[in-house]
Amino acid sequence: ISDAASESGGISREITLPATRGEILASDNFPLATNQEAYILYAKPKEIKEDPTYIAKNIAPYFISEKFATIEGQISIEDEKLKKIEIENEEKKISEQLGNVKLSWVQIARKVTKNIKIQIEKLNISGLGFERDSKRFYPEASMSAHVLGFVGQDKFGDDTGYFGLEGNYNNLLKGKPGRI
């Protein structure tokens, strides 16, 4: 977002609209790499009425628990301890972000799944909101990872293709952002 003075003396605002990453399809049009619906969780600290520590304790576990999910649904004792430490660190980070009333908008989390979005919305916390985002999805999981590569974030937080087709054709797949 950038502000600029217009010829009429007023201020105009320009907003960059992120491009949706292109899909990678097989010769029979079966998707090998596509996008899933995801969200950015943000907060407006000045609009928050609840205690930031209370909010952080309620939402932090959603982001850490997903990292520790297993096929069997059970994790080891060591992983459980690590999970507890990571949740406490996430709570502290979120609490600090929410408590900074100097900021009018702060990003709490990216690539939030629809299920987590629904759970957080049920908490009905004032000052929290969601923006539409997308998340890379590989229907065949890791079966062709060595050919496809993967999408990660670069040092600026932008989605970037690494290795394989994702890396080789990154400039084509990332698209061009729009402006309004």
Side-chain angles (χ1 to χ4, degrees), residues 1 15-43 56 58-91 93-94 97 105-123 128-180:
I1 298 177
I15 299 171
T16 301
L17 304 171
T20 302
R21 192 165 180 87
E23 295 182 320
I24 299 175
L25 306 174
S27 61
D28 63 355
N29 285 332
F30 182 82
L32 300 174
T34 188
N35 300 304
Q36 270 187 339
E37 183 178 355
Y39 299 89
I40 296 171
L41 171 61
Y42 67 88
N58 280 285
I59 66 174
Y62 289 112
F63 308 119
I64 303 303
S65 296
E66 195 173 68
K67 261 175 62 173
F68 286 90
T70 63
I71 295 170
E72 299 87 26
Q74 295 182 3
I75 60 176
S76 68
I77 294 171
E78 294 81 24
D79 283 345
E80 192 65 49
K81 289 177 185 176
L82 182 60
K83 178 180 170 183
K84 185 177 179 184
I85 291 168
E86 286 198 32
I87 288 174
E88 289 171 359
N89 290 338
E90 187 73 9
E91 286 173 7
K93 183 185 100 182
I94 292 171
Q97 290 175 313
W105 189 96
V106 63
Q107 177 180 298
I108 303 296
R110 284 191 72 200
K111 310 294 182 195
V112 175
T113 64
K114 188 173 184 176
N115 290 338
I116 290 176
K117 175 187 182 274
I118 291 168
Q119 295 301 315
I120 292 174
E121 284 176 332
K122 286 180 184 176
L123 298 173
L128 294 185
F130 292 90
E131 290 246 345
R132 195 168 189 78
D133 196 7
S134 64
K135 185 176 184 176
R136 203 59 164 168
F137 175 67
Y138 301 96
E140 297 297 321
S142 62
M143 186 179 291
S144 57
H146 58 288
V147 174
L148 294 175
F150 67 94
V151 173
Q153 292 182 343
D154 63 13
K155 64 182 178 182
F156 303 109
D158 297 327
D159 286 345
T160 302
Y162 293 98
F163 308 108
L165 296 174
E166 292 278 19
N168 192 55
Y169 294 105
N170 184 58
N171 286 336
L172 289 171
L173 292 168
K174 72 179 180 183
K176 290 187 180 186
R179 294 188 322 218
I180 188 169

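Counting heavy atoms from C-beta outward, K114 and Y39 have side chains that approach closer than 4.5 Å. The closest side-chain heavy-atom distance from F130 to V112 is below 4.5 Å. Between I120 and F63 the shortest side-chain heavy-atom distance falls below 4.5 Å. The shortest distance between side-chain heavy atoms of I24 and L173 falls below 4.5 Å. The shortest distance between side-chain heavy atoms of D158 and Q153 does not fall below 4.5 Å. I59 is listed as a side-chain neighbour of L41, based on a closest heavy-atom distance under 4.5 Å.
Evaluation of the ring-ring contact (aromatic ring centres under 6.0 Å, His included) rule for Y162 yields F150 as partners, not counting sequence neighbours. When the side-chain hydrogen bond (donor to acceptor under 3.5 Å, both in side chains) test is applied to T34, the partners found at least two apart in sequence or on another chain are E23.
Taken from NZ in K117 to OG1 in T113, the straight-line distance is 10.5 Å, to the nearest 0.5 Å. The distance from the CD atom of E91 to the CD1 atom of I64 is 9.5 Å, given to the nearest 0.5 Å.
Residues A19 and G175 come closest through the heavy atom pair CB-C, 3.9 Å. For the pair L148 and L32, the tightest heavy-atom approach, listed with the atom from each and the gap, is CD1-O, 3.5 Å. The minimum heavy-atom distance linking P61 with A56 is given by the pair CD-O, 4.2 Å. In plain terms, the two heavy atoms of H146 and M143 that are nearest each other are CE1-O, 3.7 Å. Residues K135 and K111 share a closest heavy-atom pair of NZ-O, 3.9 Å.
The only member of T160, N170, D159 that meets side chain to side chain donor-acceptor pair (under 3.5 Å) when paired with R21 is N170.
Salt bridge E80/K84: absent, no basic N to carboxylate O contact under 4.0 Å. For K83 and E86, the salt-bridge test fails: no basic side-chain N is under 4.0 Å from an acidic carboxylate O.
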Inset, instruction - Take I94 and E90, measure what side-chain contact (heavy atoms from CB on, under 4.5 Å) needs, and give me the verdict at the end. - result: CA-CA 6 Å; I94 292 171; E90 187 73 9; 3.8 Å; yes
Legend entry - Criterion salt bridge (charged side-chain N to carboxylate O under 4.0 Å, His left out) on D154 and K174, from CA distance to verdict: CA-CA 13 Å; D154 63 13; K174 72 179 180 183; over 6 Å; no
Inset, instruction - Give the C-alpha distance, both sets of side-chain angles, the deciding distance and a yes or no for side-chain contact (heavy atoms from CB on, under 4.5 Å) between Q97 and Q107. - result: CA-CA 8 Å; Q97 290 175 313; Q107 177 180 298; over 6 Å; no
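Counted by atom type alone, E166 and Y138 present one or more donor-acceptor pairs between their side chains at under 3.5 Å.
Residue pairs meeting the salt bridge (Lys or Arg N to Asp or Glu O under 4.0 Å) criterion with at least one partner in residues 25-34, sequence neighbours excluded, are absent.
No donor-acceptor distance shorter than 3.5 angstrom exists from the side chain of N35 to the backbone of S134, with no hydrogens or angles considered. A donor-acceptor contact shorter than 3.5 Å is absent between the side chain of R110 and the backbone of D133.
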